[in-house]
Amino acid sequence: MLVDPNDGSCYECEGQLEIIDADDCSMAVKCAECGENYDVEPDAFGDGCVTYYIPFTTERYLAEHFGDE
């Protein structure tokens with residue numbers, strides 16, 4: 001899931017971030033430009049976890065339990 005550049009960007013190069021994993025206390029992001037990987041808190045983008053964390057974890061849960069239909 002890509003992060004809107006208006007919500008956040010890479011600490012290293014200001015490139016676009018992609019959320020690549022999440023757990024109960026963090027999200028792993030990867031920069032599409034430089035490839036830098038790091039963890040951020042679920043509300044790192046100031047959205048109350050609604051725009052990125054909840055949809056990412058929901059999509060992953062549905063894919064794991066019901067397939068990629």
Side-chain angles (χ1 to χ4, degrees):
M1 170 180 283
L2 294 175
V3 175
D4 185 319
N6 293 321
D7 294 335
S9 58
C10 177
Y11 295 140
E12 293 294 319
C13 74
E14 300 297 318
Q16 187 170 25
L17 295 172
E18 178 180 5
I19 299 168
I20 57 173
D21 197 13
D23 60 25
D24 292 343
C25 61
S26 67
M27 293 189 299
V29 294
K30 179 179 181 178
C31 177
E33 307 293 323
C34 71
E36 182 73 22
N37 292 324
Y38 52 91
D39 291 336
V40 296
E41 64 182 56
D43 190 27
F45 306 112
D47 64 339
C49 302
V50 174
T51 305
Y52 301 104
Y53 180 74
I54 293 173
F56 181 86
T57 55
T58 300
E59 287 176 18
R60 184 177 60 192
Y61 175 85
L62 292 173
E64 288 174 358
H65 290 86
F66 301 103
D68 293 327
E69 297 177 14

> Given side chains that start at C-beta, do those of Phe45 and Thr51 come closer than 4.5 Å, heavy atoms only?
Replying inline: no

> Are Arg60 and Asp21 close enough that some pair of their side-chain heavy atoms sits under 4.5 Å apart?
Replying inline: yes

About how many Å separate [atom2] of [Y] and [atom1] of [X], when rounded to the nearest 0.5 Å?
X     : Y     : atom1 : atom2 : value
Asp23 : Tyr53 : CG    : OH    : 6.5 Å
Asn37 : Glu18 : CG    : CD    : 10.0 Å
Glu64 : Glu59 : CD    : CD    : 12.0 Å
Asp7  : Tyr52 : CG    : OH    : 3.5 Å

>> Among Gln16, Glu14, Glu33, exactly one meets side-chain contact (heavy atoms from CB on, under 4.5 Å) together with Ser9. Which residue is that?
In response: Glu14

> Sequence neighbours excluded, which residues qualify as side-chain hydrogen bond (donor to acceptor under 3.5 Å, both in side chains) partners of Asp39?
Replying inline: none

>> Any side-chain to backbone donor/acceptor pair from Asp4 onto Gly8? Under 3.5 Å, distance only.
In response: no

> Backbone N or O of Tyr11 within a donor-acceptor pair of the Tyr38 side chain at under 3.5 Å?
Replying inline: yes

> Taking all non-hydrogen atoms of both residues, which atom of Cys34 and which atom of Cys10 are closest, and how far apart?
Replying inline: SG-SG, 3.8 Å

> Do you reckon Ile54 sits in the same ILVMFWY cluster as Ile20, going by side-chain contacts under 4.5 Å, direct or chained?
Replying inline: no

> According to a 4.5 Å side-chain heavy-atom criterion applied to Ile, Leu, Val, Met, Phe, Trp and Tyr, with indirect links allowed, do Met1 and Leu62 form part of one hydrophobic cluster?
Replying inline: no

> What ring-ring contact (aromatic ring centres under 6.0 Å, His included) pairs are there with at least one residue in residues 12-36, not counting sequence neighbours?
Replying inline: none

